[in-house]
Q: 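Here you go, one structure.
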Amino acid sequence: MPHDLPKAYDPTAIEDHWAGYWVRENLFVQPTPDPADKAAAADNANVHLDGQSQSGEPFTILLPPPNVTGRLHMGHMLNQTEMDILTRWRRMSGRRALWLPGTDHAGIATQMMVERQLTAEGSSRQHLGREAFVARVWEWKRHYGGAILEQMKRLGVSVDWSREYFTMDERLSIAVREAFVRLHEQGLIYRGAYIVNWCPRCQTAISDLEVVHSEQKGHLWEIRYPVLGSDGPEGKPKKDSGEFITVATTRPETMLGDTAVAIHSEDERYLHLHGKKLRLPLMNREIPIVLDEWVSQDFGTGAVKVTPAHDPNDFALGERHHLPSINVMDDRAHINENGGPYEGLDRYVARKKIVADLEAQGLLAAVKDYTNNVGHCDRCKTVVEPRLSTQWFLKIQPLAEKAIAAVKPDADGNKAIRFTPEMYEKIYLEWMNNIHDWCISRQLWWGHRIPAWHCAACHKITVARTDPTACAHCGSKEITQETDVLDTWFSSGLLPVSVFGWPNLTDKTRADFDAFYPTSLLVTGFDILFFWVARMIMLGCWFAGDVPMPDGSARKLEDSVPFKEVYIHALVRDANREKMSKTKGNVIDPIEIVKQFGTDAVRFTLASMASPGTDIAFNVARTEGYRAFANKIWNAARFIFMNVDRAAEVGLSSPMKTIRRPNSPDEISRISSSLREVPEETAERIKFILNRPPDSKGLFNLPFVQDIAPLEGRWITALLYRTAGEVNVALKNYRFDEAANTVYQFFWGSFCDWYLEIVKLRLDFGPFLNMQELAKRELTEEEDKILERRVFAQQSLGTLVFIFETSLRMLSPFMPFISEELWHAVWDGNPPTKSIALAIFPNPRATSDEKPAVITEMELLQSLITEVRALRKEIGVEEKAVVPIEIRSDTAFRKIAEENSDIIERLAHVSEVRFVDQIAADLSKHSTPTFDVAVIYERTIDIAAERERLTKDIAKYEKGLAAAERQLGNDSFLRKAPAHVVEGLKKQESETRLLLEKAQAALAVLPKE
Ligand SMILES: [Zn+2]
Ligand SMILES: [Zn+2]
């Protein structure tokens, strides 16, 4: 029987069950819409039922694809919790929700992973060869690639698994190829020599974004470059003039590739050297002195060595002065054949030798300690080497222009893409306004290989949509494909268009694109704002802009953007607000925490702290608290089901059954007639439990309560409306924290702590009565009373169950598992939809539904009860004692208190409520603006026992006091004891003295026997 909930809440069992159920039942699958159904769907916009309806505005959201090598970390957990809350909320609010999952092939990371495996096996990718290596990576992906998605399944995220993609899928690879070819045709892709960040370990160029800088202690070497005399003999090398120019460098090995020294034209120290040449030490190469305004006169010696092949600034300078670029390192950062005697040496070995050689030749002017910012490969932490190489570039300006327009407000202040928090808009625009061409090639084997072929005959390049067999320029068959692959972000940047079928958009295949593009929202971290968000905007606007609208008209920018909203979430830090890092050892594994407390509690922890722009200090104690919250809800359910079962035992049907038979006048008349002679008011109340407006499948938004229902029923209903309204507003504004805390306050603070306590008063179902038999004869007075109480009980049980059912729906986006479990139980295992996730999210249509008056009334009553409880504590009333109270108040409050005296009596353990004009002077009272209240209590005590207790206490205090005084009077103790010990003893002495005085006073007033 579903009502037989286990006594203890055990998240693991529940969560495993429902996580499997959601996937198995394809609950979150959003099918490709059938265009023919569009008209029908529009007519039926509010229908919201099992399986997803085709109606409602789509709510589309893309999962930032985790790396296929990834494991779920706290950042994912936050990101996915936020997305899941929003998607579940939108889905339950009638939107056609589609959350699309997938993984990224993560070029560098995955290749590294497999290379490590090969190294362990004593092999290497070079040994395997490209084809076998790529096959090996695919094999790795088949075995291990889905791990993070399995973790997501267990966490119950409401994604459409039927649409899962992998960025190397054929379908998505076609989009990548089309994008490259089209951009090439548009003249936006070019090859060029450029200084790139080269990772000698990964042996590939990496983007600026993939370089992490950190301060490192190193040296600044000052080197003397001899100035050559101008009068060397014809054909013979010029002689050193005896003068030097001193340059400084942090990377002395790069001097092997120097092709000039630059000075500022106005630098007075060097005016006499204009036009002279220098001898490059060690290489003995003649290099010019060039004049360049970029050189700062104030920095160092004012002379700069120029290595165009190994420094981006020098490269630019070299271009200005037409200097040759000499690359002196190979792919592994060993000195190459251009490095003369140092050829073959690792860069750091070469550095040592070069410094030693310079010193030996007297050309090392100085070595200074120097801290500089060194770039490391984000993946493998190797120091990157700026290095000249030939790469593929995307001319970014035309794409950036659209991407800027998409975010900047137009003349009317509208934005096609809105950022939350708004400050990211500025950061984005600043980056976009200063953007450089994008180096899209990587020297990897795992990834989308660039569709370009080099011709051995004419040396031209053929770029093609299908693999060519001959050069497009000269027809030669001697063509070979480019070995570079594309930057991983090139393919993930295309996802918003490619997952919906671009570029293959025929009339038949574009239903997805028409329905779901642009997506509604992107939720992501700041760390990939430029990597990914910016590139999706550029590529999305560029390519979607060419796709006509469903009616054939041209697509405007606002319909070309990949998403309409971007929500940038904060970081999850540890409890001390420290960034989590492996080195610090403070990384929290979400899966471990989930095992300990359940997914619901972890989700709730994150949600309760998530608000725009605020980092989250993750504290396990808090998660423990939310597990207790789940437990509280569980126990509330058990209490409710116990009462539903008790009602059934005396012949009353479950409230959820009455709701499944809606709009039945027969029902009302049948029950009414079976209760002959019930007062008219009571008959009205029977209607109140039956008269609710569910839709044809028994779904309803919010419960309905009539004005004649008891205060607590009207109050909790009004409060539920208000709470639901606030939660909807908070979620709309990405205030996850406000939404979660509002739900928490309602459920625990109002529903459990107050409403459940009050409603216990009403749930008196009496004994079993045979209604058919009763209908045949006159009722006894007692039977009449029982029947009337039962009607009240049934009403209240109805309100209780409906409020609980609605609260579960409100809780569901935050705690999907426990709400699903209990919701099925509320419906006795026969719910109107397959899942609570497909039911309706409570949302009052109008604020007038909130009925603030009843909330205020109840708040006054609550404050009275709270004051009485406090007073009882103060004057030492025993917990179970039932005592009278006196209230002084105006007539309005007196009316509330009188009408609800049963509530006051029950919740404050009061025997009688007396209303007075003035509280007796000898009573201690509590006052509020509305009322004064006092508790009347005379303690009956066993005088003899009390005397004995006090006497014993006094003896104990006296003894303690004497001991303390003795020690404090001991000079040698005072000299030796640490200050804090003496302080503690003094404190103890004065406290004991106070207790002693109190006990003596109490004994003095004790009546004589
Ligand atoms: Zn690397
Ligand atoms: Zn050719």
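Counting starts at 1 for both ligands and their atoms, following the listed order. Both backbone and side-chain heavy atoms feed into the values below; hydrogens, waters and symmetry mates do not.
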Q: Taking atom types as modelled, is there a side-chain donor on Glu478 or Ser476 under 3.5 Å from an acceptor on the other?
A: no

Q: Does His459 bring an N, O or S atom to within less than 2.8 Å of the Zn ion (ligand 2)?
A: no

Q: Answer with yes or no whether the side chains of Asp437 and Tyr194 bring together a donor and an acceptor at under 3.5 Å.
A: no

Q: Regarding Cys474, does it place an N, O or S atom less than 2.8 Å from the Zn ion (ligand 2)?
A: yes

Q: Measure the spacing between CG of Leu155 and CD of Glu150 and express it to the nearest 0.5 Å.
A: 11.5 Å

Q: With side-chain hydrogen bond (donor to acceptor under 3.5 Å, both in side chains) as the test, pick out the partner of Asp331 among Arg387, Gln443, Gln203.
A: Arg387

Q: At the Zn ion (ligand 2), what is the angle formed between atom SG of Cys471 and atom SG of Cys455, rounded to the nearest 10°?
A: 110°

Q: With rounding to 10 degrees, what does the angle Cys202:SG / the Zn ion (ligand 1) / Cys380:SG come to?
A: 110°

